[in-house]
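Starting from 1, each residue takes its place in the sequence as its number. Source: prediction; values computed, not measured. The figures that follow rest on heavy atoms only: side chains count, while hydrogens, waters and symmetry mates do not.
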Amino acid sequence: MGFEYISQMPTPSETKQQFPLEALERRAKKKRDGEIKRVLTGEDDRFLVVIGPCSADREDAVLDYVERLARIGEKVAEKLLLIPRIYTSKPRTTGSGYKGLFHQPNPEAVSDLYAGMLAVRRLHMKVVQETGLTTADELLYPENYEYLSDLISYMAVGARSVEDQQHRLVVSGFDIACGLKNPTGGDLSVMMNSVTAAQSSHHFAFRGWEVVSDGNPYAHAILRGYVDASGRNVPNYHYEDLQMLYELYAKTELKHPACVVDTNHANSGKKFAEQIRITKEVLHSRRHSRNVADLVKGVMIESYLEDGSQKVGDGVYGRSITDPCLGWAKTERLLYEMADMV
C-alpha cells in the first residue's frame, strides 16, 4: 500500500532554464497568441484549425508533419489559422495503454516521467524553432502547464476532465485560449458551467502556492460528440446542435461566445475519414446561418502522415499508435478545400 517515491521531478523553472527560448521564439508566441485570441473575439475572421496526430508519439515524424503543415499554412494564411496539435499526455479510460510522450518518451519502454517531461518541452520547442508555429496540447495534468506555459498557444480540457474543479480553476489563470469539451455523457450544461468557471476569478492552491486568478475570457466550448446510455456514439456537430449551443450562450453573460468542433472522437465514431465530411458540414452550417458563423470559430482534426492507426511496435513511420488519424494526402487536400469554403 502507499506510494514508492522514485525520483523528484525538475521544477518548471529548472526545465525552462535547461531549454530556454530565444527572443525570436518568444515574439512568435506572442504574435500567435494574439492572433488566436482575435479569432475568438471576432476581430479576425479566419478559421482556426487545431490539427495533428492523436498522440505525439515520436519527435521525428511529428516534426516532419508540422513542417509540411507550416508550408500549407503560408498558402492559406488569409483564410485559415493552423495550430499544430502536439498532444503529449493521453487520457486512458481504464488507466491502461500508452499514456503519451510525457509518460513514455519511448513507447516500447517503461515509463520515465523525468525523461518524458524533457522530451515534451524539447518537442514543443523544436516546432516553434523550425516552423515558427506555436502549438496546442491537452491539459490532462494541470500542474504540468507551467513546464510549457512559454511555448503553448492553445490548450484543451478533455471530456473526462471537464468536470474537475482543479482543471477549471487552473484554466482561469491562463493567458492563452483554452477550449473545454462537452463530457463523455454529452450534458452541455456541464461544459457551459466549466466555461463559466474558467472565465471567472478564483482563489485556490496551485503547485504549493496560494494563488488568485483573473479569469480567462478566451475560455470556450468544444463539441466532441458523446456516448449514450447504450454505449452508442452520438454526434453533436450538426446544424441543430450548433444553433442549440448558440442559444445556450445567449442565456449567459459569458465573454466572446465561441465554439470549436472536434471532428473525431464521438462525432466521427473514430472513423477518421469521416472528419472530411464533418468539417465540410460544419463549414456549410456557418454559411447557412450568421449566428452559427459567429459562434463556430474552428475545428479540431486528428491527422498524421499515414492513414489509420497501428499497434505499438509495428513501426510504420507517421502512423498513429492511439486513435486512427487522417493521412497526409487527404489532410492536404482538405485544408485547401477548407480555405475555399471559409
Side-chain angles (χ1 to χ4, degrees), residues 47-57 65 69 80 82-87 90-93 97-98 136 138 154 156-162 179-188 191 221-245 259-286 292 295-310 318-338 341-342:
F47 196 64
L48 295 176
V49 186
V50 182
I51 185 167
C54 174
S55 176
D57 56 337
Y65 177 92
L69 193 69
L80 306 178
L82 306 185
I83 308 172
R85 172 191 165 103
I86 310 294
Y87 276 31
K90 294 299 298 177
R92 313 310 306 192
T93 303
Y98 176 63
E138 179 172 355
Y154 186 94
V157 174
R160 299 167 187 80
S161 303
V162 73
L180 299 109
K181 293 190 176 186
N182 64 261
T184 54
D187 187 342
L188 296 187
M191 176 184 68
I222 300 176
L223 296 179
R224 51 88 73 197
Y226 60 97
V227 179
D228 69 13
S230 300
R232 293 172 297 194
N233 289 312
V234 182
N236 59 7
Y237 62 83
H238 295 304
Y239 178 79
E240 294 79 8
D241 299 300
L242 302 177
Q243 285 283 12
M244 183 189 303
L245 182 58
C259 168
V260 169
V261 175
D262 179 347
T263 64
N264 212 8
H265 297 102
N267 270 332
S268 69
K270 296 188 178 180
K271 297 175 181 177
F272 67 89
E274 288 295 291
Q275 295 180 104
I276 299 170
R277 179 188 57 79
I278 293 166
T279 296
K280 291 179 179 179
E281 181 174 329
V282 170
L283 291 173
H284 177 74
S285 295
R286 291 179 85 243
V292 172
L295 176 69
V296 180
K297 304 297 187 182
V299 292
M300 288 184 162
I301 299 171
E302 292 196 342
S303 157
Y304 210 177
L305 299 177
E306 299 290 339
D307 280 338
S309 62
Q310 63 183 330
R319 180 170 288 162
S320 175
I321 60 171
T322 47
D323 289 349
C325 293
L326 199 65
W328 180 253
K330 295 182 180 69
T331 297
E332 183 176 23
R333 184 164 57 250
L334 176 60
L335 289 170
Y336 287 129
E337 290 172 346
M338 289 175 66
M341 295 179 70
V342 171

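- Rounding to the nearest 0.5 Å gives a distance of 10.5 Å between CG of L283 and CD of E337.
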Using atom types as modelled, flag every donor-acceptor pair under 3.5 Å from a side chain in residues 181-188 to any protein atom, sequence neighbours excluded.
| residue | atom | partner | partner atom | Å |
| --- | --- | --- | --- | --- |
| K181 | NZ | D262 | OD2 | 2.8 |
| N182 | OD1 | R224 | N | 2.9 |
| N182 | OD1 | N236 | ND2 | 3.1 |
| N182 | ND2 | G225 | O | 2.9 |
| D187 | OD1 | S189 | N | 2.9 |
| D187 | OD1 | S189 | OG | 2.5 |
| D187 | OD2 | S189 | OG | 3.3 |

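- Closest approach of K90 to Y98, counting heavy atoms only: CB-O, 3.9 Å.
- Listed by chain and residue number, nothing satisfies the salt bridge (Lys or Arg N to Asp or Glu O under 4.0 Å) test with E332 (two or more places apart in sequence, or in another chain).
- The minimum heavy-atom distance between Y226 and A266, with the atom names listed, is N-CB, 3.3 Å.
- Partner I51 forms a side chain to side chain contact (heavy atoms under 4.5 Å, CB included) with one of I83, L80, I301 and no other, that one being I301.
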Enumerate donor-acceptor pairs with a distance under 3.5 Å from any side-chain N or O in residues 321-330 to protein atoms, sequence neighbours excluded.
| residue | atom | partner | partner atom | Å |
| --- | --- | --- | --- | --- |
| T322 | OG1 | S320 | OG | 3.4 |
| D323 | OD1 | K270 | NZ | 3.4 |
| K330 | NZ | D307 | OD2 | 2.5 |

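- Of all non-hydrogen atoms in Y154 and M300, the two that sit nearest each other are CE2-CE, 3.8 Å.
- Between V261 and Y237, the closest heavy-atom pair is CG1-CB, 3.7 Å.
- Side-chain contact of S268 with N264: a donor-acceptor pair under 3.5 Å is present, judged by distance alone.
- Taken from CD1 in I276 to CZ in R333, the straight-line distance is 6.5 Å, to the nearest 0.5 Å.
- Taking every heavy atom of both residues into account, P91 and E138 meet most closely at CD-OE1, 3.7 Å.
- Between atom CD of residue E281 and atom NE2 of residue H238 there is a gap of 5.5 Å, rounded to the nearest 0.5 Å.
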For the pair K280 and L334, evaluate side chain to side chain contact (heavy atoms under 4.5 Å, CB included) and give the outcome as yes or no after the intermediate values.
CA-CA 9 Å; K280 291 179 179 179; L334 176 60; 4.3 Å; yes

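- Side-chain contact between M191 and L223: present, with at least one pair of heavy atoms (C-beta onward) separated by less than 4.5 Å.
- Panel note: side chain R85, backbone A136; no donor-acceptor pair is recorded below 3.5 Å.
- Interatomic distance, I222 CD1 to L245 CG, rounded to the nearest 0.5 Å: 11.5 Å.
- Between H284 atom NE2 and Y239 atom OH the span is 9.5 Å, to the nearest 0.5 Å.
- Closest of all the heavy-atom pairs between G269 and N233 is CA-ND2, 3.4 Å.
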